[in-house]
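First up is the structure itself, then whatever we jot down about it.
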Number of protein chains: 2
Amino acid sequence: MGKCEQCIIKQFNSLKALTKEELVRISGCKTSMKIKKGEVIFEEGEVLNGVYCVKDGICKLSKLSENGKDQIVKMVVKGQLLGQRSLISEESSNLQATALNDMEVCFIPKSEIFADLQKNPKFSFSVLQDMAHDLRDSDDIIVNMAQKSVRQRLAETLAYISDSFGTNPDGTLSVLLSREDYANIVGTATESAIRVLSQFKKEGLISTVGKYIKIEDLAGLKRVE
Amino acid sequence: MGKCEQCIIKQFNSLKALTKEELVRISGCKTSMKIKKGEVIFEEGEVLNGVYCVKDGICKLSKLSENGKDQIVKMVVKGQLLGQRSLISEESSNLQATALNDMEVCFIPKSEIFADLQKNPKFSFSVLQDMAHDLRDSDDIIVNMAQKSVRQRLAETLAYISDSFGTNPDGTLSVLLSREDYANIVGTATESAIRVLSQFKKEGLISTVGKYIKIEDLAGLKRVE
DNA sequence: AATAAATCATGACAAATATCATATTTATAA
DNA sequence: TTATAAATATGATATTTGTCATGATTTATT
């Protein structure tokens with residue numbers, strides 16, 4: 001199993017604030033695991049006993065409603081920590097985490113994280129900054145949901161995915177989402193999302209190859225009103 | 001000016017995790033101030049040089065859009081800290097804070113807060129828990145905005161305000177909001193909010209005395225589909 | 001108290017979005 | 001490979017919500 005102190009993934013998250021000794025200790029009790037596309041990492045209501053450090057892949061955090069929709073609130077990619085919010089508030093999770101492609105994660109037990117939060121103020125502060133950032137993102141999403149049209153939200157989502165998660169060599173978005181996933185990010189019906197995507201295609205903003213989407217005019221997408 | 005170490009308000013926020021010495025130090029450099037109803041405490045884009053501890057009153061955190069609407073993301077009441085997110089992420093504020101009634105706040109400079117975050121892990125952890133809680137709230141709001149109708153969201157808002165901020169002796173909600181404020185919380189047009197309130201009135205769920213709203217059937221409101 | 005300015009309220013209509021139906025295409029499995 | 005299921009696509013229509021107009025109240029100001 002890999003050693004945390006040598007793992008480059010930690011550069012992208014709060015674990016970088018830990019000392020070498022702390023990392024060695026964590027390395028000794030972490031569990032490395034592989035998760036297949038579509039698998040649920042944790043469910044809504046589940047009590048988390050640690051955090052996941054995402055070494056590879058991407059997952060969605062979403063909440064199911066009675067009517068069968070599940071709203072995607074956030075996507076967590078390679079390099080980020082998963083489950084830190086629930087761990088810290090010591091409540092059960094309010095969201096479900098589902099792998100969007102094959103993933104590789106390390107599970108770090110709660111006791112280790114809490115010990116380091118107590119001892120290492122740099123680590124605490126780094127987690128605090130992460131959370132502050134997530135909170136800003138969430139507040140911005142609330143505003144978008146309230147004030148922007150489905151068309152605008154979908155355009156922004158495509159631009160966000162392109163900017164944040166990148167593209168394949170052929171130019172298609174590297175994160176492969178179903179039309180339903182797009183609808184669940186934007187907060188609309190699947191048919192509405194499909195309709196808007198078709199329109200973007202007609203307007204030359206995107207092109208599609210099967211379910212793969214290629215952004216043809218990123219600036220144009222960002223200008224969508 | 002009052003002394004922080006004797007102030008009971010701190011029991012309700014992270015400042016309770018500070019030691020007596022730390023509180024005495026903060027007490028020496030805080031600024032007590034009164035803010036009138038409608039006054040802006042800080043604007044979107046403003047860089048905050050400290051946090052506000054709300055001793056009395058209530059304010060809204062909102063974001064203005066081009067079309068003139070401003071979405072209310074959160075309300076901060078007596079006992080809570082204001083501005084901690086922006087302070088910690090060391091970015092300018094993404095939201096504007098506006099007093100909803102006359103307020104009394106203490107301003108604590110950034111340097112003091114940061115010093116204590118470095119030295120006192122209990123304080124760090126308490127702030128972390130606060131932020132985790134706010135993040136959960138925001139994520140829940142995103143889901144509501146996506147999956148519930150204006151009617152449901154307004155019913156929940158009324159129930160939330162009643163449960164969280166209480167009522168006057170005559171049973172009316174103690175937080176007095178305009179119809180426009182309700183619309184801006186729910187994320188709808190003012191006319192739509194008014195229409196739904198009128199309907200709630202017809203259905204006997206609420207009654208109104210001028211702009212004051214009295215909840216007549218809280219359980220019923222919570223059952224609104 | 002009278003006037004002006006906000007705010008609240010409601011109707012009529014328009015626009016955005018959801019729902020239902022039904023092809024068509026693409027993926028999956030026997 | 002073919003059968004089967006799942007995902008994508010699009011039309012028709014219903015529902016929700018927004019916008020504009022207008023009047024009634026309430027609140028603030030002179």
Side-chain angles (χ1 to χ4, degrees), chain A residues 36-38 65-71 98 100-101 144-158 172-173 175-203 206-214 224-225, chain B residues 36-38 65-71 98 100-102 144-155 157-158 172-173 175-203 206-214 224-225:
Chain A
K36 290 224 183 80
K37 177 176 173 174
S65 72
E66 311 81 52
N67 60 47
K69 302 229 159 217
D70 83 330
Q71 177 64 28
T98 314
L100 286 171
N101 49 32
N144 284 345
M145 297 286 286
Q147 300 186 336
K148 298 190 176 170
S149 65
V150 167
R151 183 177 157 80
Q152 278 179 294
R153 287 179 347 243
L154 187 46
E156 284 182 19
T157 298
L158 290 168
T172 57
L173 295 178
V175 176
L176 181 59
L177 297 175
S178 67
R179 303 295 191 257
E180 191 180 5
D181 284 328
Y182 279 107
N184 290 340
I185 293 172
V186 168
T188 190
T190 305
E191 296 93 324
S192 299
I194 290 173
R195 250 180 266 272
V196 174
L197 286 175
S198 301
Q199 227 177 320
F200 286 166
K201 220 160 106 180
K202 274 185 201 145
E203 296 169 25
I206 64 171
S207 61
T208 61
V209 189
K211 63 193 300 187
Y212 286 89
I213 293 175
K214 181 175 177 181
V224 163
E225 289 283 310
Chain B
K36 288 220 184 85
K37 178 177 172 170
S65 71
E66 312 81 51
N67 60 47
K69 303 230 158 213
D70 84 330
Q71 177 64 27
T98 314
L100 286 170
N101 50 33
D102 290 352
N144 283 344
M145 297 287 285
Q147 300 186 335
K148 298 188 178 172
S149 65
V150 166
R151 185 175 155 82
Q152 277 177 296
R153 281 167 10 230
L154 187 45
T157 298
L158 290 168
T172 57
L173 295 177
V175 175
L176 181 58
L177 296 175
S178 66
R179 303 294 191 255
E180 192 181 4
D181 285 327
Y182 280 108
N184 289 340
I185 293 172
V186 167
T188 191
T190 307
E191 295 93 325
S192 299
I194 290 173
R195 250 179 267 271
V196 175
L197 285 174
S198 300
Q199 227 177 318
F200 285 166
K201 219 160 109 179
K202 273 185 203 147
E203 294 167 27
I206 63 170
S207 60
T208 60
V209 190
K211 62 193 303 181
Y212 286 88
I213 292 176
K214 181 175 178 181
V224 162
E225 289 283 311

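These numbers were taken from a predicted model, which means no experiment stands behind them. Per chain, numbering begins at 1; letters A, B, ... match sequence-line order. Heavy-atom basis, side chains included; hydrogens, waters and symmetry copies ignored.
One interatomic measurement links the two molecules: CD1 of A:Ile213 to P of D:dA7, which rounds to 15 Å at whole-angstrom precision. Whole-Å rounding puts the A:Asp181 CG to D:dA6 P distance at 16 Å. We find that NZ of A:Lys69 is positioned 8 Å from C1' of C:dA18, with the value rounded to whole Å. Protein atom CZ of B:Arg153 is 13 Å distant from nucleotide atom P of D:dT16, rounded to whole Å. Taking atom NZ of B:Lys37 as the reference point, atom C1' of C:dT7 lies 12 Å away to the nearest angstrom. If you take CE of A:Met145 and P of C:dA16, they are 18 Å apart, rounded to a whole angstrom. Rounded to an integer number of Å, the gap from CD1 of B:Ile206 to P of C:dC8 is 12 Å. To the nearest angstrom, P of C:dC8 lies 17 Å from CZ of B:Phe200.
Within residues 185-194 of chain B, the residues having any heavy atom under 4.0 Å from DNA chain C are, by residue number, B:Glu191, B:Ile194.
Overall bending of the helix from C:dA1-D:dT30 to C:dA30-D:dT1, expressed as the angle between end axes built from five pairs apiece, is 50° (10° steps).
Other residues, nucleotides and ligands contribute only 12 or fewer heavy atoms inside 6.0 Å of the CD atom of A:Glu180.
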Hey, mind stepping through B:Arg179 and B:Ile213 against side chain to side chain contact (heavy atoms under 4.5 Å, CB included) and telling me if it holds?
CA-CA 10 Å; B:Arg179 303 294 191 255; B:Ile213 292 176; 3.8 Å; yes

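By the side-chain contact (heavy atoms from CB on, under 4.5 Å) test, B:Lys37 pairs with B:Asp102, sequence neighbours left out. Judged as a side-chain contact (heavy atoms from CB on, under 4.5 Å), and not counting sequence neighbours, the contacts of A:Asp181 are A:Lys60, A:Ile72, A:Leu100, A:Leu177, A:Ser178. A:Ser198 is linked by a side chain to side chain donor-acceptor pair (under 3.5 Å) to nothing, counting only residues two or more places apart in sequence or in another chain.
Looking only at side-chain heavy atoms (C-beta outward), B:Lys201 and B:Thr208 come within less than 4.5 Å of each other.
The listed nucleotides are C:dT7, D:dT17, D:dA9; the one nearest the side chain of B:Lys211 is C:dT7.
Here B:Arg179 reaches the OP1 or OP2 of C:dA9: one of its side-chain N or O atoms lies under 4.0 Å away. In terms of phosphate contacts, B:Ser198 brings a side-chain nitrogen or oxygen within less than 4.0 Å of OP1 or OP2 of C:dT10.
Residue contacts shown for A:Arg195 include a base, since a base heavy atom lies under 4.0 Å away.
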Name each donor-acceptor pair under 3.5 Å that joins a side chain in residues 186-196 of chain A to protein atoms two or more places apart or in another chain, with its distance.
none

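Residues B:Tyr212 and B:Lys148 each lie close to DNA chain D; by heavy-atom proximity, the contact nearer the 5' end of the strand is made by B:Lys148.
Of the inter-residue distances, the one linking A:Phe200 atom CZ with A:Leu154 atom CG reads 5.0 Å to the nearest 0.5 angstrom.
In terms of heavy atoms, A:Glu156 sits closest to A:Lys148 at OE2-NZ, 2.7 Å.
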